[in-house]
Amino acid sequence: MLISMTSEPELQQGVGEPDGFRRLWTPHRMAYIQGENKPTGPAPDDGCPFCTIPSLSDEDGLIVTRGAHVFAVLNLYPYNGGHLMVVPYRHVADYTGLTDEETVELAKLTKQAMTALRAASGAHGFNIGMNQGGAAGAGIAAHLHQHVVPRWGGDTNFMPVVGHTKVLPQLLADTRKMLAEAWPQD
């Protein structure tokens, strides 16, 4: 755990050879790596963040929009700026466990997310999908969620490839506001 943080570069003594890159440290990612906000078990009352988020205000929960059966929320640990998830309110793990109404609304909000992201950020493309089960890479396997990740031509620059770091140009609260304002109205 970090005791203090500074924006000034620090001379690093010890292991490793200096190279031509200045390191960009992202200590906030350690919270995700160490499992912060992860449920302690599979039940809704085991600390499932997707069950807790709807009880928060849209701003505090980073909710972009709410439907009758599902909601769209920004990813707290995004792959790209604007990375959001479409999540059923009901605590259900498997896609085949969704009701017909949940399935339809999940698809509808995914389409709306793409429309909003194009309007708000000029996204050129998208990665859309869900990981079913821990073995498939689901970070929170007990509560289904579909990722909508905006992409732009050239967004795989040297930072993630060489620096193993994602640079997000906007605070999540600002991204949530921008997408909520761009969200298509029925």
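As the structure is a prediction and not an experimental result, all values here were calculated from the model.
- Contacts of K108 classified as salt bridge (Lys or Arg N to Asp or Glu O under 4.0 Å), with partners at least two apart in sequence or in another chain: D186.
- Ring planes of H147 and H145: perpendicular class, angle over 60° (limits at 30 and 60°).
- Contact check for R151 versus V149: side-chain heavy atoms found under the 4.5 Å cut-off.
- By the side chain to side chain contact (heavy atoms under 4.5 Å, CB included) test, D45 pairs with A43, sequence neighbours left out.
- The salt bridge (Lys or Arg N to Asp or Glu O under 4.0 Å) check on R118 picks up nothing, with sequence neighbours excluded.
- The two residues M114 and I128 have their closest heavy-atom pair at SD-CD1, 3.4 Å.
- Taking A141 as the reference, A138 meet the side chain to side chain contact (heavy atoms under 4.5 Å, CB included) condition, with sequence neighbours excluded.
- Here F126 pairs with nothing under the ring-ring contact (aromatic ring centres under 6.0 Å, His included) rule; sequence neighbours left out.
- Minimum interatomic distance between P150 and G81 (heavy atoms only, all atoms of both residues): CG-O, 3.1 Å.
- Atom CD of Q146 and atom CG of L106 lie 5.0 Å apart (nearest 0.5 Å).
- Atoms OH and OG1, from Y95 and T103 in turn, are 5.0 Å apart once rounded to the nearest 0.5 Å.
- Annotation for I53 and G61: closest pair CG2-O, 3.6 Å, computed over non-hydrogen atoms.
- In terms of the salt bridge (Lys or Arg N to Asp or Glu O under 4.0 Å) criterion, E105 has no residue partners (sequence neighbours excluded).
- Under the 4.5 Å side-chain heavy-atom criterion for grouping Ile, Leu, Val, Met, Phe, Trp and Tyr, V87 is connected to L62 within one hydrophobic cluster.
- Here CG of L117 is found 7.0 Å from CH2 of W183. Values are rounded to the nearest 0.5 Å.
- Residues satisfying the side chain to side chain contact (heavy atoms under 4.5 Å, CB included) criterion with T52, sequence neighbours excluded, are S55.
- Partners of T40 by side-chain hydrogen bond (donor to acceptor under 3.5 Å, both in side chains), not counting sequence neighbours: none found.
- A side-chain contact (heavy atoms from CB on, under 4.5 Å) with T110 is found for exactly one of V70, T115, V86, namely V86.
- The backbone N or O of E102 sits nowhere less than 3.5 Å from a side-chain atom of R90 that would complete a donor-acceptor pair.
- Considering only residues two or more places apart in sequence or on other chains, D94 meets the side-chain hydrogen bond (donor to acceptor under 3.5 Å, both in side chains) condition with T96.
- Side-chain atoms of Y89 come within 3.5 Å of backbone N or O of G67 as a donor-acceptor pair.
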Begin from the C-alpha positions of Y77 and H83 and carry the test side-chain contact (heavy atoms from CB on, under 4.5 Å) through to its verdict. CA-CA 9 Å; Y77 308 102; H83 176 179; over 6 Å; no

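- Annotation: side chain to side chain contact (heavy atoms under 4.5 Å, CB included) contacts of E101 (sequence neighbours excluded): H69, T99.
- Take Q132 and apply the side-chain hydrogen bond (donor to acceptor under 3.5 Å, both in side chains) test, not counting sequence neighbours, and it matches no residue.
- Nearest heavy-atom pair across V148 and A113 is CG1-CB, 4.2 Å.
- The minimum heavy-atom distance between A120 and L179, with the atom names listed, is CB-CD2, 3.8 Å.
- In this structure, V64 and V73 have side chains that are not in contact, with every pair of non-hydrogen atoms separated by 4.5 Å or more.
- For D60, the side-chain hydrogen bond (donor to acceptor under 3.5 Å, both in side chains) test picks out S57, with sequence neighbours left out.
- A side-chain donor-acceptor contact under 3.5 Å links W152 to the backbone of S121.
- Within the 4.5 Å cutoff, the side chain of L172 has heavy atoms near those of the P78 side chain.
- Judged purely by atom type and a 3.5 angstrom limit, N75 has no side-chain atom pairing as donor or acceptor with the backbone of L84.
- At a threshold of 4.5 Å between non-hydrogen side-chain atoms, the residues R176 and D58 count as touching.
- Checking side-chain atoms of H143 against main-chain N and O of P88 turns up a donor-acceptor pair under 3.5 Å.
- When side chains are defined from C-beta on, L98 counts as touching L144, because their heavy atoms get closer than 4.5 Å.
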